[in-house]
Amino acid sequence: MIKHIELENFKCHRRFEDNLSQITILTVGNSAGKSSIIQAILFAVKSFHNISKRYVKTNDIYGLNLGLPGSIISENFEGQEMKIILYMQDYGTNIYNVTCCLDDIDETSFRLCNCDEMLKALEVPVSILKTGIYYLNAERTGPRIVYGMNSECNDYVGTYGEYTGYIISEMDKRQRLDPRLSLPGSLKISPISRFSANCEEWLQLVIPETSLQYMVDTEKNMSMIKFKNSGDYYFPTATGFGISYVLPVIVQALLASMGENSILLVENPEAHLHPYSQSAIGKFLAYIAAAGVQVIMETHSGTCY
């Protein structure tokens, strides 16, 4: 779990530090740096994955294009470096410091200036690279008839939720092969242990009387989801944005609960939801945090918390 974060010269944060909890809600006004805190965490983790290269390109940070390094540096830039420090335990232990400099040759990359220190930080038994980091962007994939597939990862719905249907299918398949693969007891709310059945039950608590159905066509490399409130099942294009936006949050949160050392970062989980459903998704994420996942979310809605 990330217990404390410090930023220096990152975007709007010339200097920033604060504690993070099992569930942290970022809820200040517009353009105050909420997303920047989440992006800083993602950037730091990406940097540790890139130590061998000694640089980090800013156009693919967990699916995000953060822009050129020159525009990421705080406009009130002080000194020559940008820093992100994550404290994974109490102060003084498990410190992950990423110190970056602008690259004189490649304007699309930050140069990692403290690689030796970063490598030393990874010597602990459970390092940040063994932490499951799951991120959902505020601009999630809206209603579509067809969604994608991702054969490289079976526990991540994608930055925009674009693999949600495929991942539900994969989890059902994996459970058939290994019955020991299951949700924590506190999150099992369906009389059926199947992953998709529990996703559907949680979806119904957020948006009542909503059922889901998934299909996967491996030959065409595509997945499909259908929903119904009553009557027949319909493609998402015949339903509201709220269902398509909230289902990836539910699926990814439940997936994170099935792993160890998981951190879920989600922007605007309440987007396109009725106030009742906004409150329900907030309660759901509290259950996820209680099950052991660190939840860091950005929201503009008071009803979400």
Side-chain angles (χ1 to χ4, degrees), residues 1-2 21-23 45 48-49 62 88-89 94 122 124-136 147-159 161-206 210-218 221-227 246-266 269 280-281 283-297:
M1 178 172 127
I2 303 172
S21 304
Q22 190 69 40
I23 183 166
V45 176
F48 275 94
H49 281 284
Y62 282 81
M88 301 296 284
Q89 295 181 16
N94 272 34
L122 296 177
V124 296
V126 182
S127 74
I128 196 169
L129 295 187
K130 295 181 180 179
T131 299
I133 304 291
Y134 305 100
Y135 167 66
L136 276 167
Y147 295 90
M149 293 173 57
N150 181 12
S151 58
E152 296 181 0
C153 185
N154 56 22
D155 68 346
Y156 185 35
V157 301
T159 299
E162 64 270 33
Y163 305 125
T164 300
Y166 171 71
I167 293 299
I168 295 173
S169 168
E170 282 297 293
M171 286 305 301
D172 280 357
K173 184 192 303 181
R174 290 175 63 198
Q175 282 186 322
R176 288 194 296 271
L177 297 173
D178 185 359
R180 296 170 298 176
L181 190 63
S182 63
L183 292 165
S186 61
L187 298 175
K188 291 180 183 177
I189 63 170
S190 170
I192 305 171
S193 61
R194 191 171 65 244
F195 181 77
S196 60
N198 283 277
C199 291
E200 184 176 74
E201 290 287 337
W202 281 111
L203 179 61
Q204 289 178 355
L205 287 178
V206 176
T210 302
S211 301
L212 68 88
Q213 185 182 78
Y214 66 82
M215 295 147 284
V216 172
D217 189 329
T218 54
N221 198 40
M222 66 183 189
S223 63
M224 291 164 281
I225 303 176
K226 287 185 176 182
F227 301 107
V246 79
L247 181 60
V249 177
I250 293 171
V251 174
Q252 188 60 76
L254 292 175
L255 283 167
S257 75
M258 299 172 75
E260 295 182 358
N261 307 313
S262 296
I263 299 175
L264 174 67
L265 303 108
V266 55
I281 194 64
K283 292 176 183 176
F284 166 73
L285 290 172
Y287 278 113
I288 293 295
V293 178
Q294 183 176 20
V295 177
I296 302 172
M297 65 171 168

* Given side chain to side chain contact (heavy atoms under 4.5 Å, CB included), test Phe195 with Met258 step by step and report yes or no. => CA-CA 11 Å; Phe195 181 77; Met258 299 172 75; 4.0 Å; yes
Distance, nearest 0.5 Å, that separates [atom1] of [X] from [atom2] of [Y]:
| X | Y | atom1 | atom2 | result |
| --- | --- | --- | --- | --- |
| Arg194 | Leu183 | CZ | CG | 12.5 Å |
| Tyr147 | Glu162 | OH | CD | 11.0 Å |
| Leu203 | Ile250 | CG | CD1 | 5.0 Å |
| Tyr134 | Cys153 | OH | SG | 7.0 Å |
| Tyr287 | Leu205 | OH | CG | 9.0 Å |
| Asn261 | Thr131 | CG | OG1 | 5.0 Å |

Looking at [X] and [Y], would you say the former's side chain and the latter's main chain have a donor-acceptor pair under 3.5 Å?
| X | Y | result |
| --- | --- | --- |
| Gln22 | Val293 | yes |
| Ser127 | Val124 | no |
| Lys130 | Pro125 | yes |
| Thr159 | Leu136 | no |
| Glu200 | Ser211 | no |
| Trp202 | Leu187 | yes |
| Asn154 | Glu170 | no |

* Is the closest side-chain donor-acceptor distance between Ser190 and Asn198 under 3.5 Å? ->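 Asn198 and Ser190 do not have a side-chain donor-acceptor pair below 3.5 Å.
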* **Verdict with reasoning, Phe284 to Leu254, per side chain to side chain contact (heavy atoms under 4.5 Å, CB included)** => CA-CA 10 Å; Phe284 166 73; Leu254 292 175; 4.0 Å; yes
Provide the closest heavy-atom pair for [X] versus [Y] in the form atom of the first, atom of the second, distance.
| X | Y | value |
| --- | --- | --- |
| Met297 | Leu285 | SD-CD1, 3.5 Å |
| Ile2 | Met88 | CG1-SD, 3.5 Å |
| Ser182 | Gln175 | CA-NE2, 3.9 Å |
| Pro248 | Val157 | O-CG2, 4.1 Å |
| Tyr156 | Tyr135 | OH-O, 2.8 Å |
| Ala280 | Val206 | CB-CA, 3.8 Å |

* To do: Could you give me the CA-CA distance, side-chain angles and deciding distance for Lys226 and Leu212, then say whether side chain to side chain contact (heavy atoms under 4.5 Å, CB included) is met?
  => CA-CA 6 Å; Lys226 287 185 176 182; Leu212 68 88; over 6 Å; no
* Hey, mind stepping through Tyr214 and Ser196 against side chain to side chain contact (heavy atoms under 4.5 Å, CB included) and telling me if it holds? -> CA-CA 9 Å; Tyr214 66 82; Ser196 60; 3.9 Å; yes
May I ask you to test the [X]-[Y] pair for a side-chain heavy-atom distance under 4.5 Å?
| X | Y | answer |
| --- | --- | --- |
| Gln294 | Ser262 | no |
| Met171 | Ile168 | no |
| His49 | Leu129 | yes |

